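Report on the following structure.
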2 protein chains.
Amino acid sequence: MKTLSIKDIAVKAGVSITTVSFIINGKAKEKSISEAVIKKVEEIIKESGYKPNQIARSLRTGNSNIIGLIIEDISNSFFSRIARLIEDKAYKKGYKIIYSSTENDVEKAKDLINMFKSRKVDGYIISPTKGIEEDINALLADNKPVILFDRNLSDVETHYVGADHFKASYKSIESFIKDGKRKIALVTTDIDVEQIVERFDGYKQALIDHQITYSDELVLKIHFNQDETESIEEMKNLFLSKEIDAVLFATNYLAISGLKALKQLNKQIGDDFSVIAYDDHEVFELHTPSISAVQQPLEEIAETVIQLILNQLSSKAKAENQKVIIPAKLIER
Amino acid sequence: MKTLSIKDIAVKAGVSITTVSFIINGKAKEKSISEAVIKKVEEIIKESGYKPNQIARSLRTGNSNIIGLIIEDISNSFFSRIARLIEDKAYKKGYKIIYSSTENDVEKAKDLINMFKSRKVDGYIISPTKGIEEDINALLADNKPVILFDRNLSDVETHYVGADHFKASYKSIESFIKDGKRKIALVTTDIDVEQIVERFDGYKQALIDHQITYSDELVLKIHFNQDETESIEEMKNLFLSKEIDAVLFATNYLAISGLKALKQLNKQIGDDFSVIAYDDHEVFELHTPSISAVQQPLEEIAETVIQLILNQLSSKAKAENQKVIIPAKLIER
DNA sequence: CTTAAAACATAAAACGTTTTACTAATTCAA
DNA sequence: TTGAATTAGTAAAACGTTTTATGTTTTAAG
C-alpha cells in the first residue's frame with residue numbers, strides 16, 4: 001500500500017494541490033478558500049489518514065520542528081532526567097526533541113552537530129564539551145538558536161542556563177567547616193569544562209576564606225572514562241593516606257564510586273567522616289546513613305532552557321544573550 | 001553565508017551534478033569516472049566543507065539512516081542504559097538513533113510512531129505499550145523492520161528480544177523459599193504489559209510448585225504514574241498488615257520506593273525480612289545491607305536488538321521472525 | 001449592462017538530492 | 001576502415017511539499 005501524498009488528496013477532492021496545502025497549513029481563510037471546499041478536503045484527509053511527508057516539508061521550508069539536544073551521556077541520571085523534562089515541555093509546544101550523547105568526545109560532538117545540521121533541526125540545546133566552540137559559532141552565524149546548559153563556554157556568545165556551581169560548592173565546604181572539619185578532600189574529574197572548574201574554585205575559595213590552607217594532595221582528579229574499579233582504587237588510596245574528615249564529590253557518579261570505595265574499606269560515614277555529593281541521586285537518599293547532596297533544580301533548568309529556545313524560535317529577532325544562573329540547593333541529610 | 005549545495009561543488013569543479021553525486025556515493029568507479037576528476041572533486045568537497053543535505057537525500061531515496069527508538073521512559077535507568085548501548089552500537093555501523101519516551105501513554109506512542117514514520121526512519125526499536133498493535137502492524141505491512149524489546153506483543157508478528165521474565169521471577173521466589181520464607185509478597189504495577197504479567201506468573205507458579213497457597217492479599221498492584229508518596233503509603237500498609245517475610249519488587253523504581261517505605265517504617269532488611277528487586281540499580285549494590293536483584297543482561301539485549309535490525313535493514317528479504325529470550329541473572333547479595 | 005473589486009482557485013517554480021537513460025568520444029578487433 | 005564495445009560524462013525526471021504569481025468567476029456599485 002503506497003503511502004498517500006498530497007496529490008492523492010487533491011485528486012480525490014477534485015481540487016488543486018495548492019488548495020489542499022493551504023488547508024493543511026491553516027491558511028485557508030487567509031487565502032479565501034470556501035467553507036465547502038475546506039470541509040470536504042478535511043474530511044477526505046481524516047478518513048484517508050493522510051499525513052504530510054515531513055521530509056518534503058522540511059526540504060521546502062528549511063525547518064523541521066525538531067530541536068536537537070546534545071548531552072554528555074544519556075545514561076547519567078542528571079542528563080536523562082533533564083532530557084525527559086525538556087522533551088516533555090517541548091512536546092507540549094509542538095516540538096520534537098532528538099537527542100544523542102557525546103561521551104565527552106569532541107569528534108563525536110562535532111559529528112552530532114553536523115548530523116543535526118544536515119537534518120535541519122531548528123535549534124540546539126547543548127551541554128558542550130570544550131573544543132566545539134567553532135562549530136557552535138558556526139551555528140550561530142547561521143542564525144540558528146543555540147542554548148548551552150549545565151556548562152558554559154566562554155568563547156561562545158549565546159544563551160546559557162546553569163546552576164551556580166561555584167556557590168554551591170563553596171557552601172558545601174562551608175557546611176563542612178561549620179561542623180568542625182578541617183581536612184577536606186575534593187574528588188573531581190580531569191575534564192576541563194567550566195562547571196567542573198567552578199566547583200573546584202568554590203572548594204578552594206571556601207577553604208581560603210576560612211583560613212584553611214589549600215593542599216593539592218587533598219584533591220583527586222579522576223580520569224574521565226577511566227574504568228570504575230581503577231577510580232575506586234585511587235579513592236581508597238586517598239581515603240587511607242591522609243586523615244581526611246570530609247570529602248566533596250564533584251559529580252554524582254564519582255560519589256557513587258566513592259561510596260563503593262568506602263564500603264570496601266569498611267569506613268563508616270558519620271560524625272568523624274562526612275560526605276557531600278554533587279548532583280542528587282536516589283542512592284544518596286537511601287544510603288545508610290543518607291548522604292547530603294547538592295541538588296540542581298532540574299525542573300527549573302529545563303523550563304528555562306525551553307523558554308529561551310522557544311522565544312528564539314518564534315521571534316526572528318535575535319534577543320539579548322542571557323546567562324541564567326540558578327542557585328543550587330544543598331540538601332543536608 | 002549560504003550553505004553549499006551539490007550544485008556549488010559541481011560548478012566549482014566544472015563537472016555536472018551527476019558526476020559529483022556519483023563520487024559522493026562511492027559509485028565513481030562503477031560509473032567510470034576518471035581518477036583525475038574524482039580527485040579534484042574530492043578535494044573541493046574537503047576544502048569547502050560541503051555536507052550533503054540529508055533531507056533532500058531522504059526525500060529522494062526514501063530512507064534516512066536513522067533508527068527510531070521508542071521507550072517507556074528515558075529517565076528510568078534500565079531504559080537509559082539500553083538506549084546508550086544501542087546508540088553506541090548503531091553509531092558504529094553508521095546509523096543514528098533518535099529516541100523518545102511514551103510515558104506509557106498510548107496516544108503519545110502512536111504520535112511518536114507517526115512522527116517517525118513521516119520522518120522516514122529506516123527501522124523501529126520499540127518497547128511497546130498495549131494498544132499500539134495496529135500501528136505496529138501497519139509499519140510491518142509497509143515493510144519496515146520493527147524489533148520489539150523488553151516486552152512482547154502477542155498480536156504482532158515480528159522480532160522480539162527480551163529477558164526470561166517468568167523464569168527470573170520464578171527463581172527469585174524459589175530462592176526465598178529455600179531460605180525458609182513462606183509469606184512472600186509481590187509488589188508490582190497495574191500496567192497490563194506482557195513482561196509484568198510474566199513476572200507475576202513466575203511468582204505464582206513458584207509458590208504453587210512449592211505447595212504454598214497463593215493469596216491475593218500478598219500482591220500489591222501499584223497504579224502506574226501514581227504519585228510516589230502514595231505508593232509508599234500503600235507499601236507501608238502491606239508491610240505492616242501481614243507478617244510478610246520476603247518481598248519481590250517487579251520493577252526497580254518500585255523497589256526504590258519500597259526501600260523508602262521500609263526506611264520510614266524503620267524495618268530492617270535481614271534474616272527475617274528479605275527483598276529482591278527486578279532490574280538492578282546502583283542503589284541496590286550500595287544499600288546497607290545490599291539488596292539482591294534480578295539483573296537483565298543489558299549488553300546482550302542491546303547487541304541482539306541491533307544485530308536483528310541491521311540484518312533486516314541490509315537484506316531486503318524478510319527473515320524468519322525471531323523471538324530471542326535471554327536468561328536473566330539473580331544477583332544474590 | 002459594465003467594470004472594478006473581492007472571492008476562489010490553480011500552475012509552476014523551488015528546495016537538494018539520486019538515478020535513469022542517454023550522448024560523445026575513444027579503443028580495439030577483424 | 002568499420003563498427004562494436006568501452007570509457008567518460010551529462011540532462012532531466014523524480015521525490016512531496018510550500019509558496020508566488022497569476023488566472024478565473026462572482027459580486028456589487030454605478
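If you're wondering where the values come from, they're calculated on a predicted model, not measured in any experiment. A, B, ... follow the sequence lines: proteins, then strands. Residue 1 opens every chain.
Counting all heavy atoms, side chain and backbone alike, B/Ile74 lies closest to A/Ser80 at O-CB, 3.5 Å. Looking at every heavy atom in both residues, B/Leu313 comes nearest to B/Asp122 through CD2-O, 3.5 Å.
The NZ atom of B/Lys40 sits 14 Å away from the C1' atom of D/dA8 (whole-angstrom rounding). Rounded to an integer number of Å, the gap from B/Ile38 CD1 to D/dG9 C1' is 12 Å. If you measure from atom NZ of B/Lys27 to atom P of C/dT17, you get 15 Å, rounded to the nearest angstrom. Protein atom CG of A/Asn63 is 13 Å distant from nucleotide atom C1' of D/dT17, rounded to whole Å. D/dA8 atom C1' lies 14 Å from atom CD of B/Glu30, rounded to whole Å. Regarding A/Lys7, its NZ atom lies at a distance of 11 Å from the P atom of D/dT17, rounded to whole Å. Rounded to an integer number of Å, the gap from B/Asn25 CG to C/dT20 P is 12 Å. Rounded to whole Å, atom P of C/dC8 lies 11 Å from atom NZ of A/Lys29.
Ring orientation note: the planes of B/Tyr99 and A/Tyr99 are nearly perpendicular, at an angle over 60° on the 30°/60° scale. Between B/Tyr124 and B/Phe116, the ring planes are tilted. Angles from 30° to 60° get that label.
Side-chain nitrogen and oxygen atoms of A/Ser34 include at least one within less than 4.0 Å of the OP1 or OP2 phosphate oxygen of C/dA9.
Using a cutoff of 4.0 Å between basic side-chain nitrogens and carboxylate oxygens, B/Lys89 and B/Glu299 are scored as salt-bridged. Salt bridge annotation for A/Glu47-A/Lys12: absent, with no cationic side-chain nitrogen under 4.0 angstrom from a carboxylate oxygen. In summary, A/Lys110 and A/Glu133 do not engage in a salt bridge, as defined by a charged side-chain N under 4.0 Å from a carboxylate O.
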(message) Does the protein touch nucleotides 10-16 of chain D at the base, only the backbone, or not at all? Give it as B, S and - per nucleotide, heavy atoms under 4.0 Å.
(response) BBBBBBB
(message) Using a 4.0 Å heavy-atom cut-off to protein, can you give one letter per nucleotide of nucleotides 22-28 of chain C, 5' to 3': B if the base is in contact, S if only the sugar-phosphate is, - if neither?
(response) -------
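A side-chain donor from one of B/Asn63 and B/Thr61 sits under 3.5 Å from a side-chain acceptor of the other.
For a distance-only test at 3.5 Å, the side chain of A/Ser32 fails to qualify as a donor-acceptor partner of the base of C/dA7.
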Could you run down the sub-3.5 Å N/O contacts of the protein with nucleotides 22-24 of chain D?
none

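Here B/Asp111 pairs with A/Tyr91 under the side chain to side chain contact (heavy atoms under 4.5 Å, CB included) rule; sequence neighbours left out. By the salt bridge (Lys or Arg N to Asp or Glu O under 4.0 Å) test, B/Glu194 pairs with no residue at all, sequence neighbours left out. Residues passing the salt bridge (Lys or Arg N to Asp or Glu O under 4.0 Å) test with B/Lys7, sequence neighbours excluded: none.
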